[in-house]
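First comes the structure, then the notes that go with it.
Note that this is a predicted model, so its numbers are computed, not measured.
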Amino acid sequence: AIPIEFTCDGDNDPPIVTIDSVPAGVAQFVMVVDDPDAPSADPFVHWVVYNIPAETTEFTDADDNLTYGTTDAGVVGWFGPCPPPGDGPHMYVFTLFGLGQELELEPDLDGRAVREAIDDDIVAETMITASYERAS
């Protein structure tokens, strides 16, 4: 479960992501967090971080060395879970993509544009899913 401090019901703090190991051939990382349970046609994108160097072991928001995309809420940076009250638990998928080469992607791209831009360069991928539910 996602702790309340990372959500709209708390302080909306961005999480700290730790990368324990780098698969062979990875030159750069991209992180996309989305909510496939959102009441929208596509999963709602909550966080887009890219141009993450392969030697990175930890990151969060506001790191000047990284590039942040635009969420589906129109926010650049972390937009914490905020499902409709009483909608039941929503699952939040944190996907870390390993790219085989360094890409220089422009700032403020949305999650779909980033995924399209990296599609041919993904050499590794891992994900973790966590849930959050708001009371009625």
Side-chain angles (χ1 to χ4, degrees):
I2 296 174
I4 197 166
E5 64 262 23
F6 301 111
T7 74
C8 68
D9 294 318
D11 293 331
N12 203 31
D13 291 335
I16 297 171
V17 176
T18 301
I19 301 173
D20 289 331
S21 64
V22 179
V26 170
Q28 189 177 64
F29 289 107
V30 170
M31 169 70 81
V32 177
V33 178
D34 58 26
D35 172 6
D37 298 319
S40 55
D42 293 313
F44 189 95
V45 177
H46 284 265
W47 201 23
V48 184
V49 186
Y50 46 102
N51 298 331
I52 305 167
E55 61 273 6
T56 301
T57 58
E58 187 175 272
F59 67 90
T60 189
D61 252 0
D63 182 334
D64 292 338
N65 298 318
L66 307 181
T67 307
Y68 299 90
T70 304
T71 69
D72 285 347
V75 172
V76 173
W78 175 252
F79 182 78
C82 198
D87 201 38
H90 281 221
M91 304 310 287
Y92 296 85
V93 181
F94 291 69
T95 306
L96 185 66
F97 298 96
L99 308 182
Q101 65 177 328
E102 292 185 16
L103 302 178
E104 291 295 326
L105 301 176
E106 62 189 70
D108 303 333
L109 295 174
D110 66 33
R112 287 161 203 78
V114 167
R115 283 188 176 180
E116 185 176 313
I118 68 171
D119 193 45
D120 293 336
D121 297 297
I122 298 170
V123 296
E125 181 177 330
T126 189
M127 64 180 64
I128 186 167
T129 302
S131 67
Y132 184 69
E133 178 177 9
R134 296 179 78 199
S136 301

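Put simply, the side chain of Trp47 reaches to within 4.5 Å of the side chain of Val17, judged on heavy atoms. Taking 4.5 Å as the limit, every side-chain heavy atom of Phe97 sits out of range of all side-chain heavy atoms of Val114. Using a 4.5 Å cut-off on side-chain heavy atoms (C-beta onward), Arg112 and Asp72 make contact. Arg134 places a side-chain heavy atom less than 4.5 Å from the side chain of Cys82. Leu99 is listed as a side-chain neighbour of Ile122, based on a closest heavy-atom distance under 4.5 Å. Residues Ile118 and Leu105 form a side-chain contact, since some pair of their non-hydrogen atoms from C-beta on lies under 4.5 Å apart. Looking at heavy atoms from C-beta onward, His90 lies in side-chain contact with Pro39 at the 4.5 angstrom threshold. Side-chain atoms of Val26 and Val123, non-hydrogen and from C-beta on, do get closer than 4.5 Å to each other.
To the nearest 0.5 Å, atom OG1 of residue Thr71 and atom CG of residue Asp110 are 9.5 Å apart. Rounding to the nearest 0.5 Å places CZ of Phe6 at 12.0 Å from OH of Tyr132. From Ile4, atom CD1 reaches atom CG of Asp9 across 5.0 Å, with rounding to the nearest 0.5 Å. Taking CG of Asp61 as the reference point, atom CD1 of Ile16 lies at 11.0 Å (rounded to 0.5 Å). Put simply, CD on Glu55 and CD on Gln28 are 10.0 Å apart, with the number rounded to the nearest 0.5 Å. Atom NE2 of His46 and atom OG1 of Thr7 lie 10.5 Å apart (nearest 0.5 Å).
Of all the heavy atoms in Thr60 and Pro15, the pair that sits closest is OG1-O, 2.6 Å. Of all heavy-atom pairs spanning Leu109 and Val48, the tightest one is O-CG1, 4.4 Å. Considering every non-hydrogen atom in both Ile2 and Ala130, the closest pair reads CG1-CB, 3.5 Å. A pairwise comparison of heavy atoms in Asp37 and Asp87 identifies O-OD2, 4.5 Å as the closest pair. What you find for Ser21 and Pro23 is that their closest heavy atoms are O-CD, 3.8 Å. Residue Leu66 comes nearest to Ile52 through the heavy atom pair CD2-CA, 3.7 Å, listed as atom of the first residue, atom of the second, then distance.
Hydrophobic clustering keeps Phe29 apart from Met127 (ILVMFWY residues linked when any side-chain heavy atoms are closer than 4.5 Å, directly or through intermediates). At a threshold of 4.5 Å between side-chain heavy atoms, the hydrophobic network of Ile, Leu, Val, Met, Phe, Trp and Tyr places Met91 and Trp78 in two separate groups. By the rule that hydrophobic residues join a cluster once side-chain heavy atoms approach within less than 4.5 Å of another member, Val45 and Val93 end up as members of separate clusters. In the hydrophobic clustering of this structure, Val49 groups with Val76; members are Ile, Leu, Val, Met, Phe, Trp, Tyr whose side-chain heavy atoms approach within less than 4.5 Å, directly or through other members.
No more than 12 heavy atoms of other residues, nucleotides or ligands lie within 6.0 Å of CD in Glu116, so this atom counts as exposed by the packing criterion. The environment of CD in Glu106 is sparse: at most 12 heavy-atom neighbours from other residues, nucleotides or ligands sit within 6.0 Å.
Side-chain atoms of Thr70 come within 3.5 Å of backbone atoms of Asp108 as a donor-acceptor pair (strictly under, hydrogens ignored). Side chain of Tyr92 to main chain of Ala1: no donor-acceptor pair is present (N/O by atom type, distance under 3.5 Å, no hydrogens or angles).
Note: Phe79 and Phe44 have tilted aromatic rings, judged against thresholds of 30 and 60 degrees for the angle between ring planes.
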Side chain to side chain contact (heavy atoms under 4.5 Å, CB included) between Arg115 and Asp34, worked out
CA-CA 12 Å; Arg115 283 188 176 180; Asp34 58 26; 3.3 Å; yes
CA sep, side-chain torsions, deciding dist, call: Tyr68, Asp63, side chain to side chain contact (heavy atoms under 4.5 Å, CB included):
CA-CA 9 Å; Tyr68 299 90; Asp63 182 334; 3.4 Å; yes
